[in-house]
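Only heavy atoms go into these numbers, but all of them, side chains included; no hydrogens, no water, no symmetry mates.
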Amino acid sequence: MQGVLSGFAVIAVVIGVGYVIGRRGFLGTQGSAVLTKLAFHVASPALLFTTLARADLSVVFSERLLVTALSTAAVAGIFIAVGVVRRWGVARTTIGALCAGYVNAGNLGIPIAVYVLGDASLVAPVLLFQLIGVTPVALTILDLSTTGGKLPLWRRLLTPLRNPIALGSLAGVAASASGITVPGPVMDPVTLIGNMAVPAVLLAFGISLRGSTLPLRDGERGTVLLAVALKSAGQPLAAWALAAGLFGLTGPPLLDVVVTSALPAAQNLYTYAATYGVGERLARDAILISTALSVPVLVVVAALLG
């Protein structure tokens with residue numbers, strides 16, 4: 001359990017530093033907005049490029065990927081169905097669906113994969129699926145739903161190619177698939193810039209907590225509770241049912257997919273919400289609550305399946 005606790009400790013400390021920065025006003029009133037834009041437009045694309053350029057894309061074609069994709073689709077589909085019935089709007093429903101099924105596979109998933117599962121590569125299928133499949137689609141929907149009515153058709157069709165995160169992901173996949181080794185003078189500065197992504201996201205999240213009310217204190221209560229329930233309970237249960245029942249996984253492979261599905265909502269979802277100006281409170285509360293709940297959930301999963 002050391003890996004679970006240490007992973008959460010790192011995240012909590014950095015978010016706490018961000019909160020102190022916001023409380024003391026070290027970065028002014030626009031500190032969170034600046035860090036969010038830095039992460040979204042510069043650091044995150046660089047991180048995704050360097051991660052995927054070095055990745056073994058063969059891990060995409062695996063049973064773990066199928067379990068991840070199907071469990072993500074299941075919980076996201078439930079949230080989307082409720083959003084359609086309740087008329088929450090396309091953009092807000094998209095953010096909520098992401099909070100229900102998009103796991104923190106990077107800054108939390110990697111240390112947990114190392115210390116709990118014993119192999120960092122086990123989180124790669126989740127990371128690649130989210131970066132290559134989910135993120136470009138979700139951000140395209142957000143682009144079109146927030147500005148699409150003002151754009152000509154040709155610009156709507158090119159939306160994925162105008163998104164910096166999608167471009168970083170696609171460039172990394174292209175570099176890995178081609179077998180090209182990116183020269184050190186190019187990769188090293190990009191890696192250095194990419195290293196800013198996770199701390200920038202966590203600091204921005206911490207700063208945003210300054211002056212905010214406690215979770216579930218406003219009109220987002222219902223959407224937050226639905227997203228958290230699907231993320232903390234629905235997705236790991238769906239992953240267990242699919243892995244054990246459909247694919248016949250047992251032992252360590254079963255533990256791998258359930259642990260990765262039980263990870264909380266990713267912090268960069270707040271970056272997406274803040275960038276597009278929609279569902280910010282939904283993303284912030286869902287991330288905060290699912291992160292707190294994931295500690296006992298991961299402990300129980302490891303105890304039952306480990």
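- A donor-acceptor pair is defined here as one N or O able to donate and one able to accept, closer than 3.5 Å; such a pair exists between the side chain of Lys231 and the backbone of Leu263.
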Using the rule given for side chain to side chain contact (heavy atoms under 4.5 Å, CB included), can you reason through Gln235 versus Thr72, listing the C-alpha separation, both sets of side-chain angles and the distance that settles it, and then say yes or no? CA-CA 7 Å; Gln235 192 172 20; Thr72 299; 3.3 Å; yes
Carefully, step by step, assess Ile15 and Gln267 under the rule side chain to side chain contact (heavy atoms under 4.5 Å, CB included). CA-CA 10 Å; Ile15 290 176; Gln267 271 79 15; 4.3 Å; yes
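- Within the model, atoms CG of Asn268 and OG1 of Thr36 stand 11.0 Å from one another, a figure rounded to the nearest 0.5 Å.
- The structure places OH of Tyr270 at 11.0 Å from CG of Asp285, a figure rounded to the nearest 0.5 Å.
- With hydrogens and angles disregarded, a donor-acceptor distance shorter than 3.5 Å links the side chain of Ser71 to the backbone of Thr68.
- Ser176 places no side-chain N or O within 3.5 Å of a backbone atom of Gly172 that could act as its donor or acceptor partner.
- The hydrophobic clustering, which links ILVMFWY residues whose side-chain heavy atoms are closer than 4.5 Å, places Leu269 and Ile80 apart.
- Leu66 and Val103 end up in the same hydrophobic cluster when Ile, Leu, Val, Met, Phe, Trp and Tyr side chains are linked at under 4.5 Å.
- Note that CG of Leu52 and CG of Leu170 are 9.0 Å apart. Values are rounded to the nearest 0.5 Å.
- Formation of a donor-acceptor pair under 3.5 Å by the Thr51 side chain with backbone atoms of Leu48 is not found in this model.
- Of all heavy-atom pairs spanning Pro136 and Thr140, the tightest one is O-OG1, 2.7 Å.
- Contact annotation: the side chain of Val34 never approaches that of Leu27 to less than 4.5 Å [non-hydrogen atoms, C-beta and beyond].
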Identify each donor-acceptor pair in which a side-chain atom of residues 185-199 lies under 3.5 Å from a protein atom, sequence neighbours left out, and give them as a table.
residue : atom : partner : partner atom : Å
Thr191  : OG1  : Arg54   : NH2          : 3.2
Thr191  : OG1  : Met187  : O            : 2.8
Asn195  : ND2  : Thr191  : O            : 3.4

Run the side chain to side chain contact (heavy atoms under 4.5 Å, CB included) test on Arg64 and Thr260 for me, step by step, so that the C-alpha distance in whole Å, both residues' side-chain angles and the decisive distance to 0.1 Å come before the verdict. CA-CA 10 Å; Arg64 290 185 178 92; Thr260 53; over 6 Å; no
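- No side-chain heavy atom of Phe79 sits less than 4.5 Å from a side-chain heavy atom of Leu98.
- Annotation for Trp240: atom CH2 does not count as buried by contact number, only 12 or fewer foreign heavy atoms lying within 6.0 Å.
- The line from OG1 of Thr94 to CZ of Arg92 is 12.0 Å long, rounded to the nearest 0.5 Å.
- Residues Val20 and Val17 have side chains not in contact (no heavy-atom distance under 4.5 Å, counting atoms from C-beta outward).
- For the atom pair CD1 (Ile165) and CZ (Phe40), the distance works out to 4.5 Å, reported to the nearest 0.5 Å.
- Side-chain contact between Tyr276 and Ile95 is absent, with no heavy atoms from C-beta onward closer than 4.5 Å.
- Taking every heavy atom of both residues into account, Val67 and Ala239 meet most closely at CG1-O, 3.7 Å.
- Rounding to the nearest 0.5 angstrom, the gap separating the CG atom in Leu249 from the CG atom in Leu255 is 11.5 Å.
- The hydrophobic clustering, which links ILVMFWY residues whose side-chain heavy atoms are closer than 4.5 Å, places Val201 and Val123 apart.
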Run the side chain to side chain contact (heavy atoms under 4.5 Å, CB included) check on Ile289 and Val224 step by step: do they pass? CA-CA 9 Å; Ile289 298 173; Val224 171; 4.0 Å; yes
